[in-house]
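Everything below concerns the one structure shown next.
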Amino acid sequence: MTTNQAMITIAIISLVTFCVRGLPFVLFPGHKPTPPYILYLGRALPYATIGMLVVYCLKSAAPLQPPHALPEILAVAIIVALQWWKRNSLLSIGCGTVVYMLLIQLVFG
Amino acid sequence: MPYLKTLKSAFPYTIPVMTGYLFLGTAFGILLESKGYSFAWAAIMSVFIYAGSMQFVAVELLSAAFNPLYAAFITLMVNARHIFYGFSMLDKFRGVGAKKPYLIHSLTDETFTLLCTAEPPEGAVPKRFYLCISVLDHLYWITGSVVGGALGAAFTFDTRGIDFVMTALFVSIFTEQFRNVRNRIPALIGLGGSVICLLVFGPQNFLLPSMTLLVAILTVFRRPLEGVMNQ
């Protein structure tokens with residue numbers, strides 16, 4: 001691939017990405033009132049989407065093969081427990097990530 | 001509130017994303033460099049594309065034969081979930097003026113999640129607060145990419161598993177939101193619907209069906225759900 005072709009490819013990817021992100025704003029511009037159905041979706045989607053993102057991040061976890069997703073299960077359990085108890089995101093995220101890294105590097109690696 | 005103070009109040013929210021983006025961005029920069037594209041290319045991609053998973057796919061595209069139509073199509077497939085983000089930001093971004101195109105451009109998974117959950121402090125102008133979060137996240141990503149592309153594989157300490165920090169971010173925010181009874185059902189719909197689609201369609205193909213299923217369920221059960229959410 002030549003330099004120009006690479007530039008064009010990057011430009012295409014950038015443009016499509018921006019259009020996808022901007023589509024709702026084009027469909028429902030700010031100067032007109034947003035339809036109630038769209039407002040409702042806008043309110044409900046974040047909670048559903050974050051659930052979907054959790055699954056997306058964990059999609060490669062394989063419970064049926066060793067190590068049976070134990071690092072993921074343990075790390076997620078720690079994050080949920082810490083967050084529920086202490087309500088400190090940085091604490092939960094930090095501890096969960098460190099635990100996961102230790103598990104896959106030292107225990108199951 | 002002066003801009004600097006707004007920036008300082010936004011920064012703590014972005015710390016998890018900073019950790020994730022610096023490391024993931026570095027991984028991207030390293031990978032891209034290994035295919036013959038220097039850190040300048042990494043910078044350009046991180047500035048203009050600014051989509052983690054898509055940028056990794058783009059490395060493969062750039063290593064293959066020129067195929068603009070395929071590139072457009074695959075971008076649409078990989079980034080489709082970003083459509084959801086705009087719907088939830090329609091009100092937040094109303095009246096932000098010149099900031100809007102950039103705020104839209106910088107709507108990544110992580111920035112979206114932070115914008116949904118971070119509260120601007122008393123006295124801060126909300127749109128400045130959102131801009132600070134978005135810009136900070138973007139800078140972390142660009143920095144990581146450039147560092148990775150410039151230094152290559154010269155890292156010695158074992159960073160295996162560091163990308164779990166993104167999973168950790170979403171899990172902690174999901175948990176926090178779950179505390180509020182009003183949000184539980186949409187959250188469970190998202191979680192459950194996605195798991196079902198993951199089992200049926202497999203890891204590579206489950207996002208689009210998930211999105212469809214989620215919107216379908218939220219639409220069909222709109223009346224009761226609105227009742228619950230409005231309590």
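In what follows, chains carry the letters A, B, and so on, assigned in the order in which the sequence lines appear, proteins first and then strands, with residues in each chain numbered from 1. As a basis for the values below, the full set of heavy atoms in this structure was taken, side chains included, without hydrogen atoms, waters or symmetry mates.
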>> Using modelled atom types and a 3.5 Å cut-off, is there a donor and acceptor pairing between side-chain atoms of B:H82 and backbone atoms of A:G22?
In response: no
>> Using modelled atom types and a 3.5 Å cut-off, is there a donor and acceptor pairing between side-chain atoms of B:K92 and backbone atoms of B:L115?
In response: yes
>> Here's one to test your reading of the geometry: is the NZ or CZ of B:R81 within 45 degrees of the ring axis of A:Y56 and under 6.0 Å from its centre?
In response: yes
What option among [options] has the most heavy-atom pairs under 4.5 Å with chain A?
options: B:I49, B:V195, B:L191; result: B:I49
options: B:M45, B:R179, B:M89; result: B:R179
options: B:L188, B:T117, B:N230; result: B:N230
options: B:S63, B:A72, B:A71, B:C116; result: B:A72
options: B:F84, B:Y50, B:F48; result: B:F84
options: B:L207, B:L61, B:I189, B:I15; result: B:L207

Hey, which of [options] has the most heavy atom pairs under 4.5 Å with chain B?
options: A:K59, A:Q5, A:H31; answer: A:Q5
options: A:A6, A:P29, A:A48; answer: A:A48
options: A:S89, A:G94, A:A44; answer: A:A44
options: A:M7, A:R21, A:R43; answer: A:R21
options: A:T49, A:L23, A:L102, A:L15; answer: A:T49
options: A:W84, A:F18, A:Y37, A:Y40; answer: A:Y40

Side chain / backbone / both / neither for [X] at chain A, heavy atoms under 4.5 Å:
X: B:R94; answer: side chain
X: B:T108; answer: both
X: B:L107; answer: both
X: B:F178; answer: both
X: B:L76; answer: both
X: B:E176; answer: both
X: B:A65; answer: backbone
X: B:I44; answer: side chain
X: B:M229; answer: both

>> Does anything in residues 217-227 of chain B reach chain A? List residues with heavy atoms under 4.5 Å apart, or say none.
In response: B:L218, B:T219, B:F221, B:R222, B:L225, B:E226
Quick check for you: to the nearest 0.5 Å, what is the distance between [X] atom [atom1] and [Y] atom [atom2]?
X: B:L32; Y: B:S38; atom1: CG; atom2: OG; answer: 8.0 Å
X: B:L103; Y: B:S134; atom1: CG; atom2: OG; answer: 5.0 Å
X: A:N4; Y: A:T9; atom1: CG; atom2: OG1; answer: 10.5 Å
X: A:L53; Y: B:I173; atom1: CG; atom2: CD1; answer: 10.0 Å
X: B:F73; Y: B:L69; atom1: CZ; atom2: CG; answer: 10.0 Å

>> Under a plain distance cut-off of 3.5 Å, with no hydrogens placed, do B:S145 and B:S46 share a side-chain donor-acceptor pair?
In response: yes
>> Students often mix this up, so state it plainly: with edges at 30° and 60°, are the rings of B:F28 and B:W141 parallel, tilted or perpendicular?
In response: parallel
> Using 30° and 60° as the class limits, which term best fits the ring planes of B:F87 and A:F28: parallel, tilted or perpendicular?
Replying inline: tilted
>> Suppose we screen for side-chain contact (heavy atoms from CB on, under 4.5 Å). Which residues come up paired with A:L58, at least two apart in sequence or across chains?
In response: A:V54, A:E72, A:V76, B:F164, B:T167
>> Going by the rule side-chain contact (heavy atoms from CB on, under 4.5 Å), which residues pair with A:L39 if we only count those two or more places apart in sequence or in a different chain?
In response: A:T34, B:D91
>> Let's go through B:I74 and B:M54 carefully: what are the C-alpha distance in whole Å and the side-chain angles of both, what is the deciding distance for side-chain contact (heavy atoms from CB on, under 4.5 Å) to 0.1 Å, and is it a yes or a no?
In response: CA-CA 9 Å; B:I74 199 103; B:M54 189 58 223; 3.9 Å; yes
> Could you walk me through whether B:V165 and B:L169 pass the side-chain contact (heavy atoms from CB on, under 4.5 Å) check?
Replying inline: CA-CA 6 Å; B:V165 72; B:L169 172 71; 6.0 Å; no
Given that the side chain runs from C-beta out, which part of [X] has a heavy atom under 4.5 Å from chain B: side chain, backbone, both or neither?
X: A:I50; answer: both
X: A:Y100; answer: side chain
X: A:I10; answer: both
X: A:T3; answer: both

> With sequence neighbours excluded, what pairs up with B:Y85 under the side chain to side chain donor-acceptor pair (under 3.5 Å) test?
Replying inline: B:D109
> Is the number of heavy atoms from other residues, nucleotides or ligands under 6.0 Å of B:F39 CZ greater than 12?
Replying inline: no
>> Quick check: closest heavy atoms across B:A118 and B:I133, and the distance to 0.1 Å?
In response: CB-CD1, 3.8 Å
